[in-house]
Amino acid sequence: MDNDELELQIREIIMHALKRRVGYDGFVKAIVKALYPNLSIYVEPELVRKLRILIELIDNTEKPKTPYDVPIEEAKQIITNWKGSRYLVDNLGLPEIYEILRYSMQLGRNINLARIIVFINPWGNTAAFKLAFDEGSMREIARNYVTDFIRGQDELVHEVFGKFMSIEDLISRMNNKLKTNIIHLIKHDLEIKDNDLLIMADHGYDIECGDIMCRLCHGNSCAKPIFSLITPLVIVR
Ligand SMILES: [Zn+2]
């Protein structure tokens, strides 16, 4: 199973957004617009178009049938051989990945060396990730692969973002909580020059909107999981 196409498309999206100086808010809006073209929010069309291609790619990509079919050995090898800082995050969405790279660029890091390696989590949840790794808990995975474990993101997704709210509320709260939290936690390691970072997550989340109200979900708690199926391995040099 080869997810190179997904990696390239995510890269293209992020590079395009960075070049256009899109902020975290604008990036979230673009995702909402790509998923729900009829919602009346204005976002730069080219970013939305690129995100739509990504959605189609995720939709059409061949997915592991069970967690045991995830090519996790590849991930294990990269993690085991990694020399810099290592993080395991419970739930990391595309907007936070964008923010990590945006912040890294502000710090003067060379974003061209960054990579977002993609694995597909067939269930879009922690359970599938643990089965793929053949470990009992996220904490054990973190312990066995010597990573710092960040668990607050998933709690936020459920507790704060599980219920429907207006798009404006959703975006401003995501900005205040999800974005601020992840940057706060990895900031120190990012600021150390010549320190490479590896950030792996078990899955992402989706943005689900009704007529005007939106919420976050992942895996089978979404009507149609797309972005939550992404298990990212983010490399920042
Ligand atoms: Zn969860």
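Ligands are counted one by one from 1 in listed order, and the atoms in each one are counted from 1 as well.
Atom-to-atom distance recorded for C209:SG and F164:CZ is 8.0 Å, nearest 0.5 angstrom. T180 contributes atom OG1, which lies 8.5 Å from atom CD of E99 (distance to the nearest 0.5 angstrom).
Listed by first then second residue, pairs satisfying ring-ring contact (aromatic ring centres under 6.0 Å, His included) with a partner in residues 35-59 number zero, not counting sequence neighbours. Listed by first and then second residue, the ring-ring contact (aromatic ring centres under 6.0 Å, His included) pairs involving residues 207-234 are H158-H218, H203-H218 (not counting sequence neighbours).
A salt bridge links K50 with E46; the closest basic N to acidic carboxylate O contact falls under 4.0 Å.
Listed by chain and residue number, the protein N/O/S atoms under 2.8 Å of the Zn ion (ligand 1) are D154 OD1, D154 OD2, H158 NE2, H218 NE2, with waters left out.
Judged as a side-chain hydrogen bond (donor to acceptor under 3.5 Å, both in side chains), and not counting sequence neighbours, the contacts of Q153 are N181.
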